[in-house]
Number of protein chains: 2
Amino acid sequence: MTLTSEGGSPRRTPRSEEPAVWRMLQRVQVRAARLLEADLLTAHDLALASYDVLTRLAETPDGRLRMNDLADQALLSRSGLTRLIDRLQRDGLVEREACTSDARGLYAVLTAAGRTRLAEATPTYLRSLRARFLGVLDDDELRQCATTLTKLLPPPP
Amino acid sequence: MTLTSEGGSPRRTPRSEEPAVWRMLQRVQVRAARLLEADLLTAHDLALASYDVLTRLAETPDGRLRMNDLADQALLSRSGLTRLIDRLQRDGLVEREACTSDARGLYAVLTAAGRTRLAEATPTYLRSLRARFLGVLDDDELRQCATTLTKLLPPPP
DNA sequence: TCTAAACCGGTGCGCGTGCATCCAAACAGG
DNA sequence: CCTGTTTGGATGCACGCGCACCGGTTTAGA
(Lines give C-alpha, C1' and ligand atoms only; values in the text may rest on other atoms or scores of the structure.)
Protein backbone atom coordinates (compact mmCIF):
# COMPACT_ATOMS: atom_id res chain seq x y z
CA MET A 1 0.00 0.00 0.00
CA THR A 2 1.79 3.09 -1.26
CA LEU A 3 1.03 6.73 -0.60
CA THR A 4 0.97 7.72 -4.28
CA SER A 5 -2.33 7.88 -6.09
CA GLU A 6 -1.87 4.81 -8.26
CA GLY A 7 -5.36 4.35 -9.65
CA GLY A 8 -7.71 2.02 -7.76
CA SER A 9 -10.57 3.21 -5.62
CA PRO A 10 -9.15 3.86 -2.11
CA ARG A 11 -8.22 7.49 -1.69
CA ARG A 12 -5.01 8.50 -0.01
CA THR A 13 -5.45 12.16 0.70
CA PRO A 14 -7.02 13.07 4.02
CA ARG A 15 -10.45 14.60 3.98
CA SER A 16 -11.59 16.62 6.92
CA GLU A 17 -15.12 15.18 6.95
CA GLU A 18 -13.97 11.63 7.51
CA PRO A 19 -13.67 11.70 11.31
CA ALA A 20 -17.04 13.40 11.58
CA VAL A 21 -18.68 10.80 9.36
CA TRP A 22 -17.16 8.00 11.38
CA ARG A 23 -18.30 9.54 14.63
CA MET A 24 -21.82 9.97 13.39
CA LEU A 25 -21.90 6.44 12.09
CA GLN A 26 -20.85 5.16 15.48
CA ARG A 27 -23.42 7.25 17.30
CA VAL A 28 -26.21 6.25 14.96
CA GLN A 29 -25.39 2.57 15.14
CA VAL A 30 -24.95 2.42 18.91
CA ARG A 31 -28.06 4.44 19.53
CA ALA A 32 -30.20 2.39 17.18
CA ALA A 33 -28.88 -0.86 18.60
CA ARG A 34 -29.73 0.21 22.15
CA LEU A 35 -33.23 1.35 21.26
CA LEU A 36 -33.95 -1.77 19.23
CA GLU A 37 -32.62 -4.03 21.94
CA ALA A 38 -34.58 -2.23 24.62
CA ASP A 39 -37.80 -2.66 22.63
CA LEU A 40 -37.16 -6.33 21.93
CA LEU A 41 -36.20 -6.95 25.53
CA THR A 42 -39.24 -5.35 27.10
CA ALA A 43 -41.70 -6.74 24.59
CA HIS A 44 -40.30 -10.22 23.98
CA ASP A 45 -37.41 -10.75 26.39
CA LEU A 46 -35.12 -11.21 23.41
CA ALA A 47 -31.67 -9.68 23.04
CA LEU A 48 -30.77 -8.12 19.71
CA ALA A 49 -28.06 -10.70 19.03
CA SER A 50 -30.53 -13.49 19.73
CA TYR A 51 -33.05 -11.98 17.38
CA ASP A 52 -30.39 -11.69 14.73
CA VAL A 53 -29.37 -15.32 15.05
CA LEU A 54 -32.95 -16.54 14.90
CA THR A 55 -33.49 -14.44 11.79
CA ARG A 56 -30.48 -15.88 10.03
CA LEU A 57 -31.63 -19.37 10.77
CA ALA A 58 -35.16 -18.63 9.60
CA GLU A 59 -33.87 -17.29 6.29
CA THR A 60 -32.37 -20.66 5.56
CA PRO A 61 -34.53 -23.17 3.66
CA ASP A 62 -34.40 -25.75 6.45
CA GLY A 63 -33.79 -23.49 9.42
CA ARG A 64 -30.28 -24.74 10.08
CA LEU A 65 -26.80 -23.30 9.78
CA ARG A 66 -23.33 -24.44 10.70
CA MET A 67 -22.00 -22.80 13.85
CA ASN A 68 -19.12 -21.31 11.96
CA ASP A 69 -21.22 -19.66 9.27
CA LEU A 70 -23.66 -18.41 11.85
CA ALA A 71 -20.84 -16.83 13.83
CA ASP A 72 -19.67 -14.94 10.76
CA GLN A 73 -23.14 -13.68 9.96
CA ALA A 74 -23.84 -12.64 13.51
CA LEU A 75 -20.54 -10.74 13.85
CA LEU A 76 -19.58 -12.99 16.74
CA SER A 77 -16.46 -14.93 17.57
CA ARG A 78 -16.85 -18.69 17.54
CA SER A 79 -16.79 -18.86 21.30
CA GLY A 80 -19.26 -16.03 21.50
CA LEU A 81 -21.65 -17.90 19.29
CA THR A 82 -21.18 -21.08 21.33
CA ARG A 83 -22.43 -19.25 24.41
CA LEU A 84 -25.26 -17.53 22.61
CA ILE A 85 -26.48 -20.83 21.20
CA ASP A 86 -26.17 -22.29 24.71
CA ARG A 87 -28.62 -19.67 25.95
CA LEU A 88 -31.00 -20.06 23.02
CA GLN A 89 -30.92 -23.82 23.46
CA ARG A 90 -31.60 -23.51 27.16
CA ASP A 91 -34.63 -21.42 26.24
CA GLY A 92 -35.74 -24.02 23.72
CA LEU A 93 -35.48 -21.73 20.71
CA VAL A 94 -32.78 -23.66 18.86
CA GLU A 95 -31.20 -27.08 19.04
CA ARG A 96 -27.81 -28.46 18.15
CA GLU A 97 -27.72 -31.23 15.61
CA ALA A 98 -24.74 -33.26 14.44
CA CYS A 99 -23.55 -32.85 10.87
CA THR A 100 -23.53 -36.17 9.04
CA SER A 101 -21.06 -35.15 6.36
CA ASP A 102 -18.50 -33.74 8.79
CA ALA A 103 -18.19 -35.23 12.24
CA ARG A 104 -16.61 -32.03 13.55
CA GLY A 105 -19.51 -29.92 12.46
CA LEU A 106 -22.69 -28.94 14.27
CA TYR A 107 -25.85 -27.36 13.02
CA ALA A 108 -27.83 -24.84 14.97
CA VAL A 109 -31.44 -25.65 14.16
CA LEU A 110 -34.49 -23.48 14.73
CA THR A 111 -37.16 -25.18 16.83
CA ALA A 112 -40.89 -24.62 16.48
CA ALA A 113 -40.76 -22.48 19.61
CA GLY A 114 -37.95 -20.50 18.06
CA ARG A 115 -39.96 -19.85 14.94
CA THR A 116 -42.93 -18.76 16.99
CA ARG A 117 -40.86 -16.42 19.13
CA LEU A 118 -39.28 -14.91 16.05
CA ALA A 119 -42.67 -14.41 14.41
CA GLU A 120 -43.91 -12.64 17.52
CA ALA A 121 -40.88 -10.39 17.75
CA THR A 122 -40.56 -9.42 14.11
CA PRO A 123 -43.37 -6.85 14.04
CA THR A 124 -41.84 -5.15 17.05
CA TYR A 125 -38.47 -5.20 15.39
CA LEU A 126 -39.70 -3.70 12.12
CA ARG A 127 -41.80 -1.10 13.84
CA SER A 128 -38.98 -0.09 16.13
CA LEU A 129 -36.53 0.11 13.26
CA ARG A 130 -38.86 2.37 11.37
CA ALA A 131 -40.14 4.50 14.21
CA ARG A 132 -36.90 5.23 15.98
CA PHE A 133 -34.36 5.05 13.27
CA LEU A 134 -34.95 4.81 9.51
CA GLY A 135 -38.34 6.47 9.42
CA VAL A 136 -36.82 9.91 8.89
CA LEU A 137 -35.40 8.92 5.51
CA ASP A 138 -37.48 9.09 2.36
CA ASP A 139 -37.31 6.33 -0.20
CA ASP A 140 -34.57 7.95 -2.23
CA GLU A 141 -32.40 8.54 0.78
CA LEU A 142 -32.92 4.99 1.92
CA ARG A 143 -31.81 3.60 -1.43
CA GLN A 144 -28.87 5.97 -1.54
CA CYS A 145 -27.92 4.80 1.90
CA ALA A 146 -28.11 1.18 0.81
CA THR A 147 -25.80 1.67 -2.15
CA THR A 148 -23.29 3.64 -0.10
CA LEU A 149 -23.25 1.02 2.61
CA THR A 150 -22.79 -1.67 0.02
CA LYS A 151 -19.61 0.04 -1.13
CA LEU A 152 -18.42 0.19 2.44
CA LEU A 153 -19.07 -3.43 3.17
CA PRO A 154 -15.99 -5.58 2.51
CA PRO A 155 -13.74 -2.65 1.70
CA PRO A 156 -11.01 -4.14 -0.49
CA PRO A 157 -11.23 -7.94 -0.03
CA MET B 1 -47.66 7.86 17.83
CA THR B 2 -50.43 6.89 15.44
CA LEU B 3 -50.36 4.65 12.40
CA THR B 4 -51.97 7.14 10.04
CA SER B 5 -49.78 9.23 7.79
CA GLU B 6 -50.31 12.55 9.53
CA GLY B 7 -47.58 14.63 7.94
CA GLY B 8 -44.29 14.92 9.79
CA SER B 9 -41.15 13.17 8.68
CA PRO B 10 -41.21 9.64 10.17
CA ARG B 11 -42.69 7.17 7.75
CA ARG B 12 -45.11 4.57 8.93
CA THR B 13 -45.31 2.14 6.07
CA PRO B 14 -42.82 -0.72 6.09
CA ARG B 15 -40.12 -0.71 3.45
CA SER B 16 -38.43 -3.92 2.55
CA GLU B 17 -34.95 -2.37 2.35
CA GLU B 18 -34.95 -1.22 5.95
CA PRO B 19 -33.74 -4.42 7.59
CA ALA B 20 -31.02 -4.78 4.97
CA VAL B 21 -29.85 -1.22 5.52
CA TRP B 22 -29.76 -1.73 9.25
CA ARG B 23 -27.80 -4.96 8.90
CA MET B 24 -25.27 -3.36 6.62
CA LEU B 25 -24.90 -0.42 8.94
CA GLN B 26 -24.20 -2.76 11.82
CA ARG B 27 -21.66 -4.76 9.84
CA VAL B 28 -19.89 -1.68 8.58
CA GLN B 29 -19.70 -0.08 11.99
CA VAL B 30 -18.57 -3.19 13.84
CA ARG B 31 -16.02 -4.05 11.20
CA ALA B 32 -14.58 -0.55 11.06
CA ALA B 33 -14.44 -0.32 14.84
CA ARG B 34 -12.54 -3.59 15.10
CA LEU B 35 -10.04 -2.66 12.41
CA LEU B 36 -9.47 0.80 13.84
CA GLU B 37 -9.08 -0.53 17.34
CA ALA B 38 -6.67 -3.22 16.19
CA ASP B 39 -4.50 -0.63 14.46
CA LEU B 40 -4.51 1.72 17.43
CA LEU B 41 -3.79 -1.13 19.81
CA THR B 42 -0.84 -2.56 17.94
CA ALA B 43 0.68 0.80 17.07
CA HIS B 44 -0.02 2.77 20.23
CA ASP B 45 -1.52 0.42 22.79
CA LEU B 46 -4.62 2.59 22.85
CA ALA B 47 -8.19 1.30 22.80
CA LEU B 48 -10.66 3.01 20.51
CA ALA B 49 -12.74 4.28 23.42
CA SER B 50 -9.63 5.74 25.02
CA TYR B 51 -8.67 7.48 21.81
CA ASP B 52 -12.15 8.86 21.54
CA VAL B 53 -12.10 10.26 25.06
CA LEU B 54 -8.69 11.85 24.58
CA THR B 55 -9.93 13.44 21.36
CA ARG B 56 -12.98 14.93 23.03
CA LEU B 57 -10.85 16.42 25.75
CA ALA B 58 -8.34 17.81 23.25
CA GLU B 59 -11.11 19.52 21.30
CA THR B 60 -11.97 21.53 24.36
CA PRO B 61 -10.23 24.87 24.80
CA ASP B 62 -8.63 23.93 28.10
CA GLY B 63 -8.52 20.17 27.72
CA ARG B 64 -11.08 19.47 30.41
CA LEU B 65 -14.62 18.17 30.50
CA ARG B 66 -17.08 17.19 33.17
CA MET B 67 -17.40 13.44 33.63
CA ASN B 68 -21.06 13.55 32.80
CA ASP B 69 -20.64 15.39 29.51
CA LEU B 70 -17.74 13.19 28.57
CA ALA B 71 -19.82 10.09 29.18
CA ASP B 72 -22.51 11.35 26.83
CA GLN B 73 -20.04 12.15 24.09
CA ALA B 74 -18.24 8.84 24.42
CA LEU B 75 -21.46 6.80 24.29
CA LEU B 76 -20.68 5.37 27.69
CA SER B 77 -22.69 5.00 30.87
CA ARG B 78 -21.48 7.04 33.79
CA SER B 79 -20.02 4.00 35.49
CA GLY B 80 -18.37 2.97 32.27
CA LEU B 81 -16.69 6.33 31.97
CA THR B 82 -15.58 6.19 35.61
CA ARG B 83 -13.67 2.99 34.89
CA LEU B 84 -12.27 4.25 31.59
CA ILE B 85 -10.97 7.41 33.25
CA ASP B 86 -9.53 5.19 36.01
CA ARG B 87 -7.46 3.40 33.39
CA LEU B 88 -6.40 6.55 31.58
CA GLN B 89 -5.44 8.13 34.88
CA ARG B 90 -3.44 5.07 35.87
CA ASP B 91 -1.57 5.44 32.57
CA GLY B 92 -1.01 9.14 33.24
CA LEU B 93 -2.95 10.36 30.23
CA VAL B 94 -5.64 12.24 32.12
CA GLU B 95 -6.18 13.49 35.65
CA ARG B 96 -9.21 14.16 37.75
CA GLU B 97 -9.66 17.66 39.02
CA ALA B 98 -12.25 19.01 41.41
CA CYS B 99 -14.82 21.44 40.10
CA THR B 100 -14.76 24.69 42.06
CA SER B 101 -18.28 25.76 41.19
CA ASP B 102 -19.87 22.42 42.06
CA ALA B 103 -18.31 20.33 44.78
CA ARG B 104 -19.95 17.19 43.40
CA GLY B 105 -18.42 17.68 40.00
CA LEU B 106 -15.14 16.42 38.61
CA TYR B 107 -13.23 17.37 35.54
CA ALA B 108 -11.29 14.91 33.46
CA VAL B 109 -8.22 16.84 32.36
CA LEU B 110 -5.81 15.93 29.60
CA THR B 111 -2.19 15.74 30.81
CA ALA B 112 0.85 16.59 28.72
CA ALA B 113 1.48 12.87 28.29
CA GLY B 114 -2.10 12.47 27.15
CA ARG B 115 -1.67 15.17 24.55
CA THR B 116 1.52 13.59 23.30
CA ARG B 117 -0.02 10.14 23.08
CA LEU B 118 -2.99 11.52 21.20
CA ALA B 119 -0.75 13.39 18.78
CA GLU B 120 1.19 10.20 18.11
CA ALA B 121 -1.93 8.13 17.56
CA THR B 122 -3.88 10.52 15.39
CA PRO B 123 -2.00 9.91 12.13
CA THR B 124 -2.56 6.17 12.60
CA TYR B 125 -6.20 6.79 13.28
CA LEU B 126 -6.75 8.97 10.23
CA ARG B 127 -4.77 6.68 7.95
CA SER B 128 -6.62 3.63 9.19
CA LEU B 129 -9.97 5.32 8.82
CA ARG B 130 -9.18 6.22 5.24
CA ALA B 131 -7.38 3.07 4.17
CA ARG B 132 -9.73 0.47 5.58
CA PHE B 133 -13.04 2.22 5.63
CA LEU B 134 -13.93 5.55 4.04
CA GLY B 135 -11.35 5.53 1.28
CA VAL B 136 -13.68 3.79 -1.15
CA LEU B 137 -16.07 6.76 -1.18
CA ASP B 138 -15.51 9.72 -3.45
CA ASP B 139 -16.03 13.24 -2.17
CA ASP B 140 -19.65 13.43 -3.26
CA GLU B 141 -20.52 10.13 -1.64
CA LEU B 142 -18.80 11.20 1.55
CA ARG B 143 -20.79 14.42 1.72
CA GLN B 144 -23.99 12.58 0.91
CA CYS B 145 -23.20 10.16 3.68
CA ALA B 146 -22.62 13.00 6.12
CA THR B 147 -25.96 14.64 5.39
CA THR B 148 -27.84 11.35 5.63
CA LEU B 149 -26.19 10.49 8.94
CA THR B 150 -27.02 13.94 10.23
CA LYS B 151 -30.69 13.23 9.61
CA LEU B 152 -30.38 9.97 11.45
CA LEU B 153 -28.66 11.40 14.46
CA PRO B 154 -31.13 12.34 17.19
CA PRO B 155 -34.13 10.93 15.36
CA PRO B 156 -37.04 12.98 16.71
CA PRO B 157 -35.63 14.85 19.73
C1' DT C 1 -0.25 -44.98 3.96
C1' DC C 2 1.32 -42.06 7.43
C1' DT C 3 2.13 -37.80 9.28
C1' DA C 4 1.61 -32.79 9.63
C1' DA C 5 -1.24 -29.06 9.07
C1' DA C 6 -5.77 -26.93 9.00
C1' DC C 7 -10.25 -26.80 10.76
C1' DC C 8 -14.59 -27.18 13.95
C1' DG C 9 -16.57 -26.29 18.10
C1' DG C 10 -16.04 -25.90 23.23
C1' DT C 11 -13.73 -24.17 27.68
C1' DG C 12 -10.97 -21.24 31.11
C1' DC C 13 -10.02 -16.85 31.86
C1' DG C 14 -9.83 -11.84 31.91
C1' DC C 15 -11.73 -7.54 30.45
C1' DG C 16 -15.03 -3.84 29.65
C1' DT C 17 -19.75 -2.59 30.21
C1' DG C 18 -24.44 -1.61 32.20
C1' DC C 19 -27.64 -1.78 36.06
C1' DA C 20 -28.78 -1.09 40.71
C1' DT C 21 -27.26 1.12 44.52
C1' DC C 22 -24.84 4.30 47.48
C1' DC C 23 -22.97 8.73 49.29
C1' DA C 24 -22.30 13.49 49.18
C1' DA C 25 -23.56 17.87 47.41
C1' DA C 26 -26.99 20.99 45.39
C1' DC C 27 -31.43 22.66 44.76
C1' DA C 28 -36.73 23.52 45.76
C1' DG C 29 -40.52 24.41 48.65
C1' DG C 30 -42.35 25.14 52.91
C1' DC D 1 -33.64 27.27 57.94
C1' DC D 2 -34.91 22.58 57.47
C1' DT D 3 -36.47 18.75 54.64
C1' DG D 4 -37.35 16.08 50.50
C1' DT D 5 -35.88 15.58 45.93
C1' DT D 6 -32.56 15.67 42.35
C1' DT D 7 -27.95 15.36 40.51
C1' DG D 8 -22.77 13.89 39.98
C1' DG D 9 -19.87 10.42 40.40
C1' DA D 10 -18.23 5.82 42.46
C1' DT D 11 -18.91 0.85 43.63
C1' DG D 12 -20.73 -4.30 43.76
C1' DC D 13 -22.22 -7.36 40.85
C1' DA D 14 -23.42 -10.03 36.82
C1' DC D 15 -23.30 -10.54 32.03
C1' DG D 16 -21.58 -11.06 27.29
C1' DC D 17 -17.66 -11.09 24.60
C1' DG D 18 -12.88 -12.17 22.67
C1' DC D 19 -8.48 -14.53 23.18
C1' DA D 20 -5.69 -18.49 23.99
C1' DC D 21 -5.95 -23.04 24.13
C1' DC D 22 -7.71 -27.95 23.80
C1' DG D 23 -9.55 -32.40 21.89
C1' DG D 24 -11.40 -34.51 17.98
C1' DT D 25 -11.74 -34.64 12.82
C1' DT D 26 -10.52 -33.83 8.22
C1' DT D 27 -7.42 -32.80 4.57
C1' DA D 28 -2.86 -32.36 2.13
C1' DG D 29 1.70 -33.92 1.05
C1' DA D 30 5.51 -37.04 1.04
Side-chain angles (χ1 to χ4, degrees), chain A residues 26-27 29-31 33-42 45-53 57 64-91 93-109, chain B residues 26-27 29-31 33-42 45-53 57 64-91 93-109:
Chain A
Q26 276 184 110
R27 271 199 116 63
Q29 195 275 340
V30 170
R31 179 187 157 77
R34 288 181 185 168
L35 292 175
L36 271 183
E37 172 138 35
D39 287 348
L40 283 175
L41 236 30
T42 64
D45 196 34
L46 210 55
L48 187 54
S50 302
Y51 178 85
D52 197 34
V53 160
L57 291 176
R64 78 186 50 215
L65 227 36
R66 289 286 294 267
M67 297 289 285
N68 233 330
D69 305 335
L70 196 47
D72 291 342
Q73 294 193 27
L75 297 170
L76 243 42
S77 68
R78 277 145 186 90
S79 66
L81 182 72
T82 294
R83 268 55 107 102
L84 178 50
I85 295 296
D86 285 349
R87 279 168 262 150
L88 291 176
Q89 189 168 21
R90 174 173 48 70
D91 295 347
L93 305 181
V94 306
E95 279 176 357
R96 271 177 243 246
E97 202 166 295
C99 174
T100 57
S101 61
D102 185 342
R104 298 170 299 181
L106 252 66
Y107 284 108
V109 191
Chain B
Q26 276 185 110
R27 272 199 116 64
Q29 195 275 339
V30 170
R31 178 188 158 79
R34 288 181 184 168
L35 292 175
L36 271 183
E37 173 138 35
D39 288 347
L40 283 175
L41 237 30
T42 64
D45 196 33
L46 211 55
L48 188 54
S50 301
Y51 178 84
D52 197 34
V53 160
L57 290 177
R64 79 186 51 217
L65 228 36
R66 290 287 294 267
M67 296 290 283
N68 234 327
D69 306 334
L70 197 46
D72 291 341
Q73 295 193 26
L75 297 170
L76 243 41
S77 69
R78 280 143 183 80
S79 66
L81 181 72
T82 293
R83 267 54 106 105
L84 178 50
I85 295 296
D86 285 349
R87 280 168 261 151
L88 292 176
Q89 189 168 21
R90 174 172 46 70
D91 295 348
L93 305 181
V94 306
E95 279 176 355
R96 271 177 243 246
E97 203 167 295
C99 175
T100 58
S101 63
D102 185 341
R104 297 169 301 180
L106 253 64
Y107 285 107
V109 191

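Proteins get letters first, then strands, A, B, ... in listed order; numbering begins at 1 in each.
- For dT7(D), neither phosphate oxygen OP1 nor OP2 lies less than 4.0 angstrom from any side-chain nitrogen or oxygen of Asn68(B).
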Could you encode protein contacts along nucleotides 24-29 of chain D as a string, one character per nucleotide from 5' to 3', using B for base contact, S for sugar-phosphate-only contact and - for no contact, with a heavy-atom cut-off of under 4.0 Å? BBS---

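- Within 4.0 Å of Arg78(B), counting heavy atoms only, lies no atom of the nucleic acid at all.
- Leu81(B) comes within 4.0 angstrom of no nucleic acid atom, judged by non-hydrogen atoms across all strands.
- The nearest pair of heavy atoms linking Val109(B) to Leu57(B) is C-CD1, 4.5 Å.
- Across every non-hydrogen atom of Leu41(A) and Ala47(A), the tightest pair is CD1-N, 3.6 Å.
- Remark on DNA chain D: of its neighbouring residues Gly80(A) and Met67(B), the 5'-side contact belongs to Met67(B), judged by nearest-heavy-atom nucleotide.
- Remark: C1' of dG9(C) and CG of Leu76(A) are 14 Å apart, rounded to the nearest angstrom.
- Closest of all the heavy-atom pairs between Ala71(A) and Ser77(A) is CB-O, 4.1 Å.
- Atoms CG (Leu41(B)) and P (dC15(C)) sit 13 Å apart, rounded to a whole Å.
- Across all their heavy atoms, Cys99(B) and Arg66(B) have their closest contact at SG-NH1, 3.5 Å.
- As a whole-Å value, the separation of Leu70(A) CG from dC17(D) C1' is 16 Å.
- Closest to the side chain of Ser79(B), from the set dC13(C), dG18(C), dG9(D), is dG18(C).
- Remark: the Arg96(B) side chain and the dG8(D) base include no donor-acceptor N/O pair separated by less than 3.5 Å.
- With hydrogens and angles left out, the side chain of Arg83(A) and the base of dG18(D) share a donor-acceptor pair within 3.5 Å.
- Here the C1' atom of nucleotide dG9(D) and the CG atom of Asp72(B) are 13 Å apart, to the nearest Å.
- Here the closest heavy-atom approach between residue Val53(A) and residue Ala74(A) is recorded as CG2-CB, 4.0 Å.
- When the C1' atom of dA10(D) is taken as reference, atom CZ of Arg90(B) falls 17 Å away, rounded to whole Å.
- For the pair Leu88(B) CG and dG16(C) C1', the interatomic distance rounds to 13 Å; values are reported in whole Å.
- Distances shorter than 4.0 Å separate some side-chain N or O of Arg87(B) from OP1 or OP2 on dT17(C).
- The two residues Ile85(A) and Met67(A) have their closest heavy-atom pair at CG1-CE, 3.9 Å.
- Distances shorter than 4.0 Å separate some side-chain N or O of Arg34(A) from OP1 or OP2 on dG18(C).
- Nucleotide dG16(D) holds its C1' atom 15 Å from the CG atom of Leu46(A), rounded to whole Å.
- Considering CD of Glu37(A) and OG1 of Thr42(A), their distance stands at 10.5 Å, rounded to 0.5 Å.
- Of the candidates dG18(D), dG12(D), dA10(D), the closest approach to any side-chain atom of Thr82(B) belongs to dA10(D).
- Where Leu75(B) and Asp69(A) each meet DNA chain C at their nearest nucleotide, the meeting point lying more 5' is that of Asp69(A).
- Taking atom CD of Glu97(B) as the reference point, atom P of dG9(D) lies 14 Å away to the nearest angstrom.
- With Arg27(B) contributing its side chain and Gln73(A) its backbone, the two residues share a donor-acceptor pair below 3.5 Å.
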